[in-house]
Each structure stands twice: as structure tokens, then as C-alpha cells.
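Hydrogens, waters and symmetry mates play no part in the numbers below; they use all other heavy atoms, side chains included.
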Amino acid sequence: MSARLSLRAAGVDRDGVPVLRDVRADVEPGEWVAVIGPNGAGKSTLLKAVAGLLPHMGEITVAGRPVRGLSARESARTIAYTAQNPVVPDRMPVHEYVLLGRTPHLGYLARPGRRDRAIASEVIDRLDLGRFADRDVGRLSGGERQRVVLARALAQQAPVLLLDEPTTALDLGHQQQVLELVDTLRITDGLTVLTTLHDLGVAAQYADRLLMLVGGRAVSSGPPADVLTPDTIAEHYQASVTVDRGPDGRPRVHPIRPRHGNGRDGIE
């Protein structure tokens, strides 16, 4: 199953304050779009609105259906969402927590079957969590816990995957492992992927397109090479960078250390 995600003039108010305004975007089946922007731009709010967790203006549709019209079960079968700082049950074993991802596919009062357990076990193994399967989630490190939350989301087998800063607490190796797995799934299964990422280099490496938010509005969108320019980054991030191309043609962003008045870096 695949699903197209569309936003038309999407907006969100929180406590009467506009947080998002007039955001327009499409994410095709099998496509990865990364939402970038400085702190406070509205990136996490956008994902919560798409997940149906916040009331919104405008229209957000998945597979042609308005998100606000989906029941909780329909939404969970269609959209898998991981929060940036998820709350998890400390005293639940990892394998049981991941198995909760199968709940939307079970009948009323039904228990997980052999196929559900096989799907959960496969995801646990692919995220290098096998040795923690019987350990309580509360005994894991922050990075391990983040992978467990992602495993639960992947066990849902929803066609749309929303990831809010999925690599924040991960070391470099597990960052790459998680991103490669998501990339493989979106290619092989036609998964529609929408993520927030603060690391512009990572966003450029993995996303097909970028959506840059600033002050709750989209200021740039398109392929990474079109969005990540020195001028755009300087304007919206107040950062000095150079941008070159890697062997695959994707942009690479390099910060430039400011030079001080005497011409010696960092020394007065």
C-alpha cells in the first residue's frame, strides 16, 4: 500500500498564536521530504498536524482523505508518527512495546498473532535491538530508546512515516543505520516519508526534496541543491557556510569559522 500526502494552505494556531501559516506541499509515494529550518520555525508542529494530533486550518490529506476525518484506528493504519521526545512505559519489555505497533491491525480484544510477532521481531533485529528485546524500555539509554520508538512505528506498517528529529540521540553509526533502513523501506515498499531534521548535511544526503520553514511559513522548497545555498542559509540561519557537491551530486554544507579583526582565527 502507498499513499500520497498533500498539504494545502495548512495552518496551526496554538493558544491563539499563529504557529504555521499557508504551508503547501506534496509528498509522493516512495518520496522522502525533509522539513528544515531554524529553531522555532514550526517543524514539529507541522508533523503533529499531519499526524492528526493538532487541529489545523486548510487541508491535509493522505491518500486523498482528509486527516481530520480519520478515526484513531484508520489514522494509525495509515500514518506512523514518532515524536522528538516520546513518552514510553519504563517497565515494559522492548519486544512488548514494539508489538504495540501492531495494535491498529488487530480486531477488538484480539491478541497479536504469529505474523504480528514475526513483524515485530524482524524490525527489532533490523534496528540492532535484539540483545535488548527482553529488557525494560526504562533501562535503555536515550539512543537505544529512540530506536525502540522507531521500531514500534515501523511495526505499524503504515504507508506514511512521520519522523520528528529521528537521529537526535543516536551516535554516528546508529544514525546511519536508522536512516539507511528508512531509505530502504521507502524505496522497496513505496513508503511516504516526512521528517524534520536539524542537520542540513544529513537532510541533503537522504531527502529527495527539502521544505524550509521560517517563522511558520515555507520560504523555500525543492531539491536539496536548490534549497541549500550559502545565501539562503545565511539569511535564515544567520550562519556562514560554503556549499559544494559530493560524488553523488548532492550538496555538502561546511560551516565557515568567523575571522577576527587581526586575521588570526579565534585569537585577539
Please identify each residue that fulfils side chain to side chain contact (heavy atoms under 4.5 Å, CB included) with Arg115, with sequence neighbours left out.
Arg102, Ile119, Gln157
Are Tyr81 and Lys48 packed together at the side-chain level, in the sense that at least one heavy-atom pair is separated by less than 4.5 angstrom?
yes
Look at atom CG of Asp248 and say whether more than 12 heavy atoms of other residues, nucleotides or ligands are closer to it than 6.0 Å.
yes
Using a strict cut-off of less than 4.0 Å between a Lys/Arg side-chain nitrogen and an Asp/Glu carboxylate oxygen, indicate whether Asp244 and Arg252 qualify as a salt bridge.
yes
Looking at Asp13 and Met57, what are the two nearest heavy atoms and their distance?
OD1-CE, 3.7 Å
dist Ile36:CD1 -> Leu210:CG (nearest 0.5 Å) comes out at 4.5 Å
Non-hydrogen atoms of Val253 and Leu228 that approach each other most closely:
CG2-CD1, 4.2 Å
Verdict with supporting geometry, Leu213 and Leu20, side chain to side chain contact (heavy atoms under 4.5 Å, CB included):
CA-CA 9 Å; Leu213 296 183; Leu20 288 177; 4.0 Å; yes
How far does CG of Asp183 sit from CG of Asp208, to the nearest 0.5 angstrom?
8.0 Å
Just checking, any donor-acceptor pair under 3.5 angstrom between side chains of Arg8 and Ser6?
no
Candidate pair Glu74 and Arg65, rule side chain to side chain contact (heavy atoms under 4.5 Å, CB included), full reasoning:
CA-CA 11 Å; Glu74 288 173 328; Arg65 299 185 62 189; 3.5 Å; yes
Is Asp15 reaching over with its side chain to a backbone N or O of Val17, donor-acceptor style, under 3.5 angstrom?
no
For a 4.5 angstrom cut-off between non-hydrogen side-chain atoms, does Val214 reach Pro38?
yes
Tell me, do Arg217 and Asp22 make a side-chain contact under 4.5 Å, heavy atoms counted?
yes
Any heavy-atom pair between the side chains of Leu211 and Val227 that's under 4.5 Å?
no
Heavy-atom nearest pair, Val178 first then Leu150, reads CG1-CD2, 3.2 Å
Heavy-atom closest pair (Ala80 atom, Ala158 atom, distance to 0.1 Å) is N-CB, 3.7 Å
Counting C-beta onward and ignoring hydrogens, is there a side-chain heavy-atom pair between Val35 and Leu194 closer than 4.5 Å?
yes
With rounding to the nearest 0.5 angstrom, report the CG to CZ distance, Leu70 to Arg77.
12.0 Å
Does the side chain of Leu181 come within less than 4.5 Å of Leu154's, by heavy atoms?
yes
Qualifying residues under side-chain hydrogen bond (donor to acceptor under 3.5 Å, both in side chains), relative to Thr103, sequence neighbours excluded:
none
Can you measure from CZ (Arg209) to OG (Ser221) and round to the nearest 0.5 angstrom?
7.0 Å
For residues Val94 and Arg152, determine if any side-chain heavy atom of one lies less than 4.5 Å from a side-chain heavy atom of the other.
no
Please step through side chain to side chain contact (heavy atoms under 4.5 Å, CB included) for the pair Leu54 and Arg14, ending with a clear verdict.
CA-CA 9 Å; Leu54 290 176; Arg14 304 198 73 170; 3.8 Å; yes
Checking the side chain of Glu96 only, and the main-chain atoms of Pro93 only, is there a donor and an acceptor separated by less than 3.5 Å?
no
Glu28 atom CD, neighbour heavy-atom count above 12 within 6.0 Å
yes
May I ask you to test the Leu106-Pro112 pair for a side-chain heavy-atom distance under 4.5 Å?
yes
When you measure from the side chain of Arg250 to the backbone of Ala207, do you find a donor-acceptor pair of N or O atoms at a distance under 3.5 Å?
yes
Give the minimum heavy-atom separation between Gly143 and Leu170, together with the two atoms involved.
O-CD2, 3.1 Å
Knowing that exactly one of Gln84, His198, Glu165 qualifies, which makes a side-chain contact (heavy atoms from CB on, under 4.5 Å) with Lys43?
Glu165
Regarding Asp189 and Arg186, does a basic nitrogen lie under 4.0 Å from an acidic carboxylate oxygen?
no
Do His105 and Asp116 meet the criterion of a side-chain donor-acceptor pair at a distance under 3.5 Å?
no
Distance from Gln156 atom CD to Leu161 atom CG, nearest 0.5 Å?
9.0 Å
Set out, in order, the CA-CA distance, both residues' side-chain angles and the distance that settles side chain to side chain contact (heavy atoms under 4.5 Å, CB included) for Phe132 and Val148, then state yes or no.
CA-CA 9 Å; Phe132 305 123; Val148 169; 6.0 Å; no
